[in-house]
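Reading through the structure tokens given below for one structure.
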Amino acid sequence: QKEVEQNSGPLSVPEGAIASLNCTYSDRVSQSFFWYRQYSGKSPELIMSIYSNGDKEDGRFTAQLNKASQYVSLLIRDSQPSDSATYLCAVYSGYSTLTFGKGTMLLVSP
Amino acid sequence: GAVVSQHPSRVICKSGTSVKIECRSLDFQATTMFWYRQFPKKSLMLMATSNEGSKATYEQGVEKDKFLINHASLTLSTLTVTSAHPEDSSFYICSARDSGGSDRSKQYFGPGTRLTVT
């Protein structure tokens with residue numbers, strides 16, 4: 001049974017701070033890792049993908065992957081109230097579908 | 001690029017009727033599309049994998065005769081909720097995988113369809 005675990009939150013951070021979102025996965029052969037952002041009442045939006053160990057930066061977002069620890073994280077720098085959403089971690093293990101975590105709710109207060 | 005549309009965005013139907021939801025990949029071809037359902041404040045639940053030109057693969061517990069999936073072209077998959085009941089009211093979201101893309105694992109989501117059965 002492939003599992004992706006996330007803390008449900010909410011994670012509360014003040015505006016301008018760094019938000020750190022974490023995800024662990026169970027399948028060691030996982031190949032691709034994604035972060036989706038989902039606003040309330042909307043569908044998920046792909047914001048980051050990462051495939052190899054290390055960091056990947058895109059604007060205010062940094063994804064970090066550690067395959068040995070089966071751990072992937074998302075850092076959001078200079079958090080804004082508009083970043084308030086649920087962040088879904090998704091893992092692809094070579095089978096047809098992605099396995100999603102249940103998501104972490106992020107609240108950024110002005 | 002990688003835009004997925006869904007139609008309708010909202011639909012209200014009476015109990016016992018059927019509703020069809022369309023999912024289209026607008027700027028890429030998708031041999032594989034996925035249908036999800038999400039209840040309020042709950043996580044995404046994969047219902048089925050839609051394969052162009054072949055039968056859909058349903059997840060355990062999803063009634064294939066109630067949720068009919070057709071994937072007749074490389075850019076269109078449809079989900080028909082048959083004999084809808086109030087408990088079928090939910091947010092239905094499709095996603096698609098770019099068949100010609102370099103990353104076959106990446107999925108792009110449509111905007112979702114909110115179904116209310118009265």
Side-chain angles (χ1 to χ4, degrees), chain A residues 1-10 21 23-25 27 29-52 56 58 61 63 65 67 72 84-107, chain B residues 1-7 9-10 21 23 28 30-52 54-60 62 71 90-99 101-116:
Chain A
Q1 180 78 9
K2 304 187 296 296
E3 294 184 348
V4 177
E5 300 286 342
Q6 294 181 256
N7 188 316
S8 61
L21 303 158
C23 171
T24 59
Y25 58 94
D27 193 340
V29 299
S30 298
Q31 305 166 1
S32 309
F33 306 85
F34 305 95
W35 284 98
Y36 288 84
R37 177 176 61 197
Q38 186 175 24
Y39 291 112
S40 180
K42 302 295 185 182
S43 68
E45 173 193 10
L46 179 64
I47 56 172
M48 286 289 286
S49 58
I50 188 166
Y51 307 96
S52 55
K56 179 182 178 182
D58 184 0
F61 299 104
L65 175 61
K67 289 187 178 181
V72 59
S84 297
T86 296
Y87 289 80
L88 303 172
C89 173
V91 175
Y92 181 75
S93 302
Y95 309 106
S96 178
T97 62
L98 290 177
T99 302
F100 282 88
K102 294 187 176 181
T104 298
M105 180 183 291
L106 172 66
L107 297 176
Chain B
V3 179
V4 177
S5 69
Q6 272 185 253
H7 178 78
S9 57
R10 291 179 178 272
I21 303 170
C23 177
F28 63 95
T31 55
T32 305
M33 293 183 173
F34 305 89
W35 287 96
Y36 295 83
R37 181 168 55 182
Q38 189 174 37
F39 293 105
K41 300 190 185 301
K42 299 294 185 183
S43 56
L44 284 174
M45 189 195 82
L46 179 66
M47 298 175 66
T49 300
S50 171
N51 303 297
E52 187 266 337
S54 64
K55 292 183 179 180
T57 303
Y58 290 82
E59 296 299 303
Q60 192 173 5
V62 178
H71 193 156
S90 188
F91 192 40
Y92 291 86
I93 313 171
C94 74
S95 70
R97 177 179 292 161
D98 185 349
S99 307
S102 58
D103 183 358
R104 298 286 185 92
S105 61
K106 198 174 285 187
Q107 287 184 28
Y108 301 96
F109 282 86
T113 296
R114 193 162 303 282
L115 170 64
T116 303

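Below, read A as the first sequence line, B as the second, and so on, with proteins coming before strands; counting in each chain starts at 1.
For the pair B:Pro111 and A:Ser43, the tightest heavy-atom approach, listed with the atom from each and the gap, is CA-OG, 3.4 Å.
By the 6.0 Å contact criterion, CE on A:Met105 is open, its count of non-hydrogen atoms from other residues, nucleotides or ligands being 12 or less. The local environment of NZ in A:Lys102 is sparse, with at most 12 non-hydrogen atoms from other residues, nucleotides or ligands closer than 6.0 Å. Annotation for A:Lys42: atom NZ does not count as buried by contact number, only 12 or fewer foreign heavy atoms lying within 6.0 Å.
Contacts of A:Leu98 with chain B are made by both backbone and side-chain atoms, with heavy-atom separations under 4.5 Å. Of the two parts of B:Lys106, the backbone and the side chain both hold a non-hydrogen atom closer than 4.5 Å to a non-hydrogen atom of chain A. Residue contact with chain B, scored on non-hydrogen atoms closer than 4.5 Å, is absent for A:Glu45. If you measure heavy-atom distances from B:Gln38 to chain A, the contacts under 4.5 Å come from the side chain alone.
For the side-chain contact (heavy atoms from CB on, under 4.5 Å) criterion with A:Thr97, the lone passing option out of B:Thr32, B:Thr49, B:Thr57 is B:Thr49. Under the ring-ring contact (aromatic ring centres under 6.0 Å, His included) test applied with A:Tyr36, the options B:Tyr108, B:Phe109, B:Tyr36 reduce to a single match, B:Phe109.
Top candidate by heavy-atom pairs under 4.5 Å with chain A, chosen from B:Pro40, B:Gly112, B:Ser105, is B:Ser105. For the set A:Ala90, A:Gly103, A:Gly41, the entry with the most heavy-atom pairs within less than 4.5 Å of chain B is A:Gly41.
Between A:Pro44 and B:Ile93 there is a side-chain heavy-atom pair separated by less than 4.5 Å.
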